[in-house]
Colleague: 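Can you keep this structure in mind? I'll have questions shortly.
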2 protein chains.
Amino acid sequence: MAQHLDQHVDQIADHAPDEATAPWLTADQLRAWLGLVSVAELLPVRLDQQLQRDAGLTHFEYMVLAMLSEAPDRTLRMTMLAARTDATLPRLSHVVRRLEERGLVARSSCPSDGRATNATLSDEGYRVVVGAAPGHVREARRLVVDALDATQIAQLEAITQRLLERLDPDRRFCPDRPATPDSPH
Amino acid sequence: MAQHLDQHVDQIADHAPDEATAPWLTADQLRAWLGLVSVAELLPVRLDQQLQRDAGLTHFEYMVLAMLSEAPDRTLRMTMLAARTDATLPRLSHVVRRLEERGLVARSSCPSDGRATNATLSDEGYRVVVGAAPGHVREARRLVVDALDATQIAQLEAITQRLLERLDPDRRFCPDRPATPDSPH
DNA sequence: CCAAGGTACTTGTTGCGTCAACTAAAGCGT
DNA sequence: ACGCTTTAGTTGACGCAACAAGTACCTTGG
């Protein structure tokens, strides 16, 4: 499948022995890399399929609703919500508009800052996300958690943390910072 | 970030102690799961960014060209190419049409089977993919390979193999089967 | 040798994400 | 009080992927 990443190992060994200019991978590295790329390609698709089928939500919509469900008053400013879901503001704006049309969230202008918009989870939205959560977790178990033993779970956590330092150096995604719910003023 | 996956651990412990109906995750499992989801979300974006910037290709287009570059006569049937890139046929058809408009591949009707279409990498397409490969591998090193030590590389390979058994039980993706290039007749 | 069914694509439609404006509201210096 | 800049969000256009239909070709049973 991927000779193109290692097939010229011998020829570059001739004139480019140093790390910086020798791009190709060893067989072990190649297998790990291709495995990770495959997982990264397939996992989001599976998550979307399960949630779409069982709850009529994309994974991203689920994340939006889930973040709101945990926030004080089930309300977050768009910017904060975007940070927590690793979305651009335009993307979030479109998605929230569609969710509002479906009656799952409501938007309101923030009283303390006229520029800001607060998104609030409706009762119906709460029912939807609470109804979707068990199936989602079941899928997480089926695809990942139950496929690995405890040792591998620990290894996976360490590996993903290392990778996230490179993939997301600013820690924009999954900031885990305490909620600054409404108007910080 | 994700109380919604574990916040009710205590309350379900009351009435649903068994595995099948107890969906929530332990803290360790939760961290590994969220880490993997984040990586799966960010890695494809980074790969697309680097290839788009340096070679004007999406990761998927790069995969298409790379698979062709390894095939005998730089030629594959659409169905085979779709299997090797984990794409649906409609998706591949659109992408190959665009690549043909850019002069990177050529399509021709298969002489031995009038239904089939062969995609062939042009010289220009070969130059593009060969030019793109080093930067792509460099990015793979920067984001993943060089972030992990040899032990973790081995762990990651084992973990991804386990996960792929669940994510892709039919081994549709990355089948690594020998090329059946043209007309098996 | 012809009809029925399956195979290998291609094409049109729809939905979502990104990018590039654009609007409106603060903040800030004078 | 007046502009100028920054911040927050929305909107519209465009590109790409998924799904559904359609077309052309092969194959198999009668």
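All of these numbers come straight from a predicted model, not from anything done at the bench. In the text below, chain A, chain B and the rest are named by the order of the sequence lines, each starting its count at 1.
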Colleague: May I ask you to say whether A:Glu61 pairs ionically with A:Arg102, meaning some side-chain N is under 4.0 Å from a carboxylate O?
Modeller: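 A salt bridge is present here (some side-chain N lies under 4.0 Å from a carboxylate O).
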
Colleague: Go through the structure and list residues passing side chain to side chain donor-acceptor pair (under 3.5 Å) with B:Arg166, not counting sequence neighbours.
Modeller: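 Residues passing side chain to side chain donor-acceptor pair (under 3.5 Å) with B:Arg166: none at all.
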
Colleague: Does B:Ser93 put a side-chain nitrogen or oxygen below 4.0 Å from OP1 or OP2 of C:dC9?
Modeller: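 Answer is no, no contact under 4.0 Å.
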
Colleague: Just to confirm, is there a sub-4.0 Å distance from OP1 or OP2 of C:dT11 to any side-chain nitrogen or oxygen of B:Arg91?
Modeller: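 So the side-chain polar atoms of B:Arg91 never come under 4.0 Å of the phosphate oxygens OP1 or OP2 of C:dT11.
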
Colleague: When the nearest nucleotide of DNA chain C is assigned to A:Val95 and to A:Gly114 on a heavy-atom basis, which residue is associated with the more 5' position?
Modeller: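 The residue mapped nearer the 5' terminus is A:Val95.
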
Colleague: Can you check whether A:Gln50 reaches A:Arg142 side chain to side chain, under 4.5 Å on heavy atoms?
Modeller: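 Not touching, per the 4.5 Å side-chain cut-off.
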
Colleague: Where each residue is assigned the nucleotide of DNA chain D containing its nearest heavy atom, which of A:Ala116 and B:Arg98 is assigned the position nearer the 5′ end?
Modeller: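 Going by which nucleotide is closer to the 5' end, it is A:Ala116.
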
Colleague: Can you check the B:Met80 CE to C:dC9 C1' distance for me, whole Å?
Modeller: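 Taking atom C1' of C:dC9 as the reference, CE of B:Met80 is at 15 Å.
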
Colleague: Taking only N and O in the side chain of B:Arg107, is any of them less than 4.0 Å away from OP1 or OP2 of C:dT10?
Modeller: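 The answer is yes; a side-chain N or O of B:Arg107 sits under 4.0 Å from OP1 or OP2.
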
Colleague: May I ask you to decide whether B:Asp123 forms a salt bridge with B:Arg74, counting only side-chain N to carboxylate O separations under 4.0 Å?
Modeller: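 Yes, this pair counts.
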
Colleague: Does a salt bridge link A:Arg162 with A:Glu165, judged by any charged N lying under 4.0 Å from a carboxylate O?
Modeller: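 A salt bridge is absent here (no side-chain N lies under 4.0 Å from a carboxylate O).
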
Colleague: When you check the gap from the basic side-chain N to the acidic O, do B:Arg138 and B:Asp146 get nearer than 4.0 Å?
Modeller: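 No, this pair does not count.
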
Colleague: Find the distance B:His94:NE2 to C:dC9:P and express it as a whole number of Å.
Modeller: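 Atom-to-atom, B:His94 to C:dC9, this comes out as 15 Å.
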
Colleague: Using whole Å, what does the distance between atom C1' of nucleotide C:dG15 and atom CZ of A:Arg102 come to?
Modeller: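 Roughly 12 Å, once rounded to whole Å.
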
Colleague: Which residues within residues 43-58 of chain B lie with some heavy atom under 4.0 Å of an atom in DNA chain C?
Modeller: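 Of all residues in residues 43-58 of chain B, none places a heavy atom under 4.0 Å from DNA chain C.
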
